[in-house]
Protein chains: 2
Amino acid sequence: MTTTGTIPIQEVSLKNLRVACSSCSLRELCLPLGLSSEEMIQLETLISQRTRIKKGEQLYSAGDPMSSLYAVRLGFFKMSVVSEDGREQVTGFQMAGELLGMDAISSDSHTCSAIALEDSEVCEIPFTELEQLSRNIPSLQHNFYKVLSREIVRDHGVMMLLGNMKAEERLAAFLINLSQRFALRGYSSKNFILRMTREEIGSYLGLKLETISRSFSKFQDQGFIRVSNKEVEITDLPALKAILSGCPEK
Amino acid sequence: MTTTGTIPIQEVSLKNLRVACSSCSLRELCLPLGLSSEEMIQLETLISQRTRIKKGEQLYSAGDPMSSLYAVRLGFFKMSVVSEDGREQVTGFQMAGELLGMDAISSDSHTCSAIALEDSEVCEIPFTELEQLSRNIPSLQHNFYKVLSREIVRDHGVMMLLGNMKAEERLAAFLINLSQRFALRGYSSKNFILRMTREEIGSYLGLKLETISRSFSKFQDQGFIRVSNKEVEITDLPALKAILSGCPEK
DNA sequence: GGTTCCCATTGATACGGATCAAGCGCCAAC
DNA sequence: GTTGGCGCTTGATCCGTATCAATGGGAACC
């Protein structure tokens, strides 16, 4: 609807439509959190454009020079790194309101690739200008530090998962995490569509796709979830959570 | 030598001794990187004190409120998180010039515990004041963003290791990483002392202590390293690196 | 100097998940 | 409507690491 470029609308309204954090439903999840409306306007002027990314397309890939961060406005992304010998590791799945590209600050070039798993839209945030603006808006600066820190905490959680948990615990943790994030965004926490393949889930969780498939089947047999291809329904959330608590019985 | 508090020296010289980034051998690794000498002095005034932590003591633990970050001035730390059901995951080992506590920014309280693995010394950096100062010193702000981002990149590397690599690959990667970090600090990259136990290495690498021990022995049998308790000598670095490159032969 | 405790090594065995393999269902292209 | 390909499921087997167990050695404490 509020596409960029192709339709020749007059500039003013285009600018208006382009980016408006203040009217964005994600402002409570995203960078603008807690900013005054005046500060939010300053942030808006900085965001040069929204970009649409079709399912399967790359927003950027490892090695690309970094000039902007991206806030997911709509859709779903997969982030992955590749080792020198070609092994891929999915490092995360990002949805609306989450920031992409923070890994790239350290070296001015991206270390991950970002691939859209469904038709998506991102707000492009030029990094140098964000740095500058954050010097004038303390709460923006603070928010951004928090976002970076939260990513570190999340990564530690994944390490815990990869280092200590068994296959079914990992998958349970993954489903619970997705469920909570959907809920935060106003979607159902019980019914959702998996945008990624079993293989991508496996890569994220340090498992093979067959193991993911088997664990899904087992959860279904136990009556915890119903799965049909990419559709998931969580029918017994407490049971899923119990798996995580290292419940003694299998 | 430059202890804090106990010895009643006159204030001026104490202040001088307390913290002097400008004369600190770590200034090229730590936050002050690239700051002018004038800016460095501003940073120094902010760092309230140096603290000594004895081997085995905790600098902070998960749940503690966070008011400061810490720069390791001397020594060696282990960072770990604990899951609700009590499983411990070591998330990293930090040495001189590295920053501790960045995970705590997101929630104003620590999510990790930091334990000294040898007698250590840290510079305490009050976070609110660092935020303030970084608004006035762009290169300080930029450095700090980079430090946070670098931590995210490091974490992604650990995910790759935990998600994709076999036991011996993980240990090889660990040894190479330690070796490089010692070299950066002017220590030998070939001979060093492991400050952590086999169990702590195992927790970091997602393996059990027996597996660490066996892999050490195997590397030694193959002539890649010499190990004696905590002492390690790397005798064939290229061979260790070859293990990482997924070399076909075992 | 001896005792104790913790850490490390090594062996035997068990088990979880990887790997190999076959078959199915769905969607897109023709 | 048919064909091909990709993603998913399920079974059989294998392999790597965990687990269990016994022993050894070094450092700290008495």
Report yes if some heavy atom in the side chain of [X] is under 4.5 Å from a heavy atom in the side chain of [Y]; otherwise report no.
| X | Y | value |
| --- | --- | --- |
| V72(B) | M95(B) | no |
| L117(A) | E200(A) | yes |
| R195(B) | K78(B) | no |
| N164(B) | S83(A) | no |
| R181(B) | L178(B) | yes |
| I152(B) | D155(A) | yes |

Atom pairs under 3.5 Å, N or O on each side, protein against nucleotides 18-21 of chain C: can you list them with distances?
unit_1, atom_1, unit_2, atom_2, d
dA18(C), OP1, K208(A), N, 3.2
dA18(C), OP2, K208(A), N, 3.4
dA18(C), OP2, T211(A), OG1, 2.2
dT19(C), O4, R214(A), NH2, 2.9
dC20(C), N4, E210(A), OE2, 3.3

So, with a heavy-atom separation below 4.0 Å from DNA chain C, the residues of residues 224-236 of chain B are N229(B), K230(B)
Just to be sure I understand the geometry, which residues of residues 189-198 of chain B put a non-hydrogen atom under 4.0 Å away from DNA chain C?
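Of all residues in residues 189-198 of chain B, the ones placing a heavy atom under 4.0 Å from DNA chain C are T197(B), R198(B).
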I'd like to know whether E98(A) forms a salt bridge (charged side-chain N to carboxylate O under 4.0 Å, His left out) with R185(A), so could you lay out the CA-CA distance, the side-chain angles of the two residues, the decisive distance to 0.1 Å, and finally the verdict. CA-CA 11 Å; E98(A) 296 173 336; R185(A) 284 156 184 81; 3.3 Å; yes
For the residue pair F224(A) and F219(A), categorise the inter-ring angle as parallel (less than 30°), tilted (30 to 60°) or perpendicular (more than 60°).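 Aromatic pair F224(A)/F219(A) classed tilted.
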How are the rings of F182(A) and Y187(A) set relative to one another: parallel (under 30°), tilted (30 to 60°) or perpendicular (over 60°)?
-> perpendicular
How many Å lie between [atom1] on [X] and [atom2] on [N], as a whole number?
| X | N | atom1 | atom2 | answer |
| --- | --- | --- | --- | --- |
| Q220(A) | dT9(D) | CD | C1' | 11 Å |
| K55(A) | dC27(C) | NZ | C1' | 11 Å |
| K218(B) | dG16(D) | NZ | C1' | 11 Å |
| L205(B) | dA18(D) | CG | C1' | 15 Å |
| N164(A) | dT17(D) | CG | P | 16 Å |
| F216(A) | dG17(C) | CZ | C1' | 17 Å |
| E200(A) | dC6(D) | CD | P | 15 Å |
| R170(A) | dG16(C) | CZ | P | 13 Å |

Overall bend of the helix from dG1(C)-dC30(D) to dC30(C)-dG1(D) (five pairs an end, 10° steps) is 40°
### Query
Can we say E84(A) and K241(B) salt-bridge, meaning some charged N sits less than 4.0 Å from an Asp/Glu carboxylate O?
no
Passes side-chain contact (heavy atoms from CB on, under 4.5 Å), R170(B) versus L162(B)? Steps please. CA-CA 8 Å; R170(B) 297 185 200 187; L162(B) 293 172; 3.9 Å; yes
| S217(B) vs dT10(C): side-chain N/O to OP1/OP2 distance below 4.0 Å | yes
request  = Applying side-chain contact (heavy atoms from CB on, under 4.5 Å), run through E231(A) and I193(A) and close with a yes or a no.
outcome  = CA-CA 5 Å; E231(A) 283 175 53; I193(A) 308 276; 3.6 Å; yes
Residues at least two apart in sequence or cross-chain that pass side chain to side chain donor-acceptor pair (under 3.5 Å) with R214(A), listed by chain then number, are none
- Query: For S215(A), what residues pass the side-chain contact (heavy atoms from CB on, under 4.5 Å) criterion, not counting sequence neighbours?
  - Reply: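 Per chain and number, S215(A) pairs via side-chain contact (heavy atoms from CB on, under 4.5 Å) with A167(A), E168(A), L171(A), T211(A).
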